[in-house]
Amino acid sequence: MSEEIVFITSNKNKFKEAENLILPLGFKLIQKNLGYPEIQASSLEEVVTYGIEYLKDRVDTFFLEDSGLFIQTLCNFPGVYSKPVFTTIGNEGVLKLMEKTENRNAIFRTVIGFYDGKAKIFKGECKGRIAEEPKGYHGFGYDPIFIPHGSEKSFGEMTTHKKNQYSHRGKALKRFIQHLKKR
Ligand code: IMP
């Protein structure tokens with residue numbers, strides 16, 4: 001019987017990305033949308049650590065994650081505010097803030113928190129740039145406006161498999177998977 005790993009998330013796309021990397025290893029991945037307070041913190045790590053503390057008496061073994069887009073010329077905005085910024089001004093709003101801006105460097109970051117009696121953190125980041133206009137219909141969130149270094153395509157133009165080869169989440173998941181294999 002394959003071991004079950006629970007991913008606490010309401011985001012189907014994040015789940016699909018995790019499945020793409022974890023299923024081939026023989027683990028069974030379960031999505032649970034339990035909800036936990038996403039505190040307004042100054043780092044992704046704090047959000048994840050708080051989430052683990054909140055859930056660890058309710059679920060035995062699980063992981064959750066928090067991600068953000070950090071745009072250099074905007075002093076790393078939206079960063080930890082990526083969710084409210086996406087739901088308010090969206091990609092069009094971010095592109096407007098970047099109008100006539102030459103420095104389009106940005107970094108996507110993911111922090112995964114895994115709990116199996118003790119907590120462990122895995123991080124991944126992806127350097128890239130903000131596109132001049134949205135491109136592609138795959139993925140979610142800021143995917144159409146983020147072009148990772150080493151590609152001419154935005155995440156929005158990539159399959160899940162391709163995005164995982166470049167992405168912040170793909171990198172964090174691969175580190176997490178190394179840990180799962182060693183346990
Ligand atoms: P959270 O990790 O769900 O809090 O995500 C923060 C915000 O960033 C949300 O608006 C997400 O849609 C967006 N986001 C998180 N990860 C990604 C990604 O891999 N690609 C594009 N947008 C993302």
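Just so you know, these numbers use all the heavy atoms, side chains as well, and skip hydrogens, waters and symmetry mates. Every number for a ligand or one of its atoms is a count from 1 in the order of the listing. Since the model is a prediction, treat every value here as computed from it, not as a measurement.
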Atom 10 (O) of ligand 1 - nearest protein heavy atom and its distance: Phe86 CB, 3.3 Å
Residue, atom name and distance, where the atom is the protein heavy atom closest to atom 20 (N) of ligand 1: Asp143 OD1, 2.6 Å
List the steps, then state whether side-chain contact (heavy atoms from CB on, under 4.5 Å) holds for Val59 with Ile8. CA-CA 10 Å; Val59 193; Ile8 310 281; 4.2 Å; yes
Closest heavy-atom contact between Ile71 and Pro78? CD1-CD, 4.1 Å
Could you list the atoms of ligand 1 found under 4.0 angstrom from a heavy atom of Lys163? 18 (C), 19 (O), 20 (N)
So, are Lys163 and Glu17 salt-bridged, with charged N and O less than 4.0 Å apart? yes
Of all protein heavy atoms, the one nearest atom 16 (N) of ligand 1 is Arg169 NH2, 2.8 Å
Subset of ligand 1 atoms that lie under 4.0 Å from at least one heavy atom of Ser82: 6 (C), 7 (C), 8 (O), 10 (O)
Which of the atoms in ligand 1, numbered in the order shown and given with their element, are less than 4.0 Å from a heavy-atom of Glu38? 4 (O)
Do Glu125 and Arg169 pass the salt bridge (charged side-chain N to carboxylate O under 4.0 Å, His left out) test, and can you show the C-alpha distance, the side-chain angles, and the key distance before you say yes or no? CA-CA 7 Å; Glu125 65 173 44; Arg169 185 166 301 102; over 6 Å; no
Please could you name the atoms of ligand 1 that Glu65 approaches to less than 4.0 Å, counting only its heavy atoms? 2 (O)
protein heavy-atom neighbour closest to atom 5 (O) of ligand 1 works out as Ser67 O, 3.7 Å
Full working for side-chain contact (heavy atoms from CB on, under 4.5 Å) between Phe63 and Phe176: CA-CA 10 Å; Phe63 73 100; Phe176 171 41; 3.5 Å; yes
Just do the side-chain contact (heavy atoms from CB on, under 4.5 Å) check on Lys83 and Glu38 with the steps written out, would you? CA-CA 10 Å; Lys83 198 176 213 157; Glu38 280 198 38; 3.1 Å; yes
Do Lys14 and ligand 1 have an N or O pair less than 3.5 Å apart? yes
Quick one: does ligand 1 sit under 4.0 Å from the side chain of Tyr142, the backbone, both or neither, non-hydrogen atoms only? both
Heavy atoms of His168 and Phe155 approach each other most closely as CE1-CE1, 3.7 Å
For the CZ atom of Arg109 and the CG atom of Asn76, what is their distance to the nearest 0.5 Å? 6.5 Å
What protein heavy atom sits nearest atom 9 (C) of ligand 1, and how far off is it? Lys83 CA, 3.9 Å
Mind listing the closest non-hydrogen atom pair of Val80 and Ala41 along with its distance? CG2-O, 3.3 Å
Over all atoms of both residues, closest heavy-atom pair of Asn13 and Asn11: N-OD1, 2.9 Å
Using a heavy-atom cut-off of under 4.0 Å, does the side chain or the backbone of Glu17 touch ligand 1, or both, or neither? neither
Non-hydrogen atom of Phe146 closer than 4.0 Å to ligand 1: no
With a heavy-atom distance limit of 4.0 Å, tell me whether Phe140 approaches ligand 1 through its side chain, its backbone, both, or neither. both
Would Asp66 count as a contact residue for ligand 1, given that I'm defining contact as a non-hydrogen atom of the residue lying under 4.0 Å from a ligand atom? yes
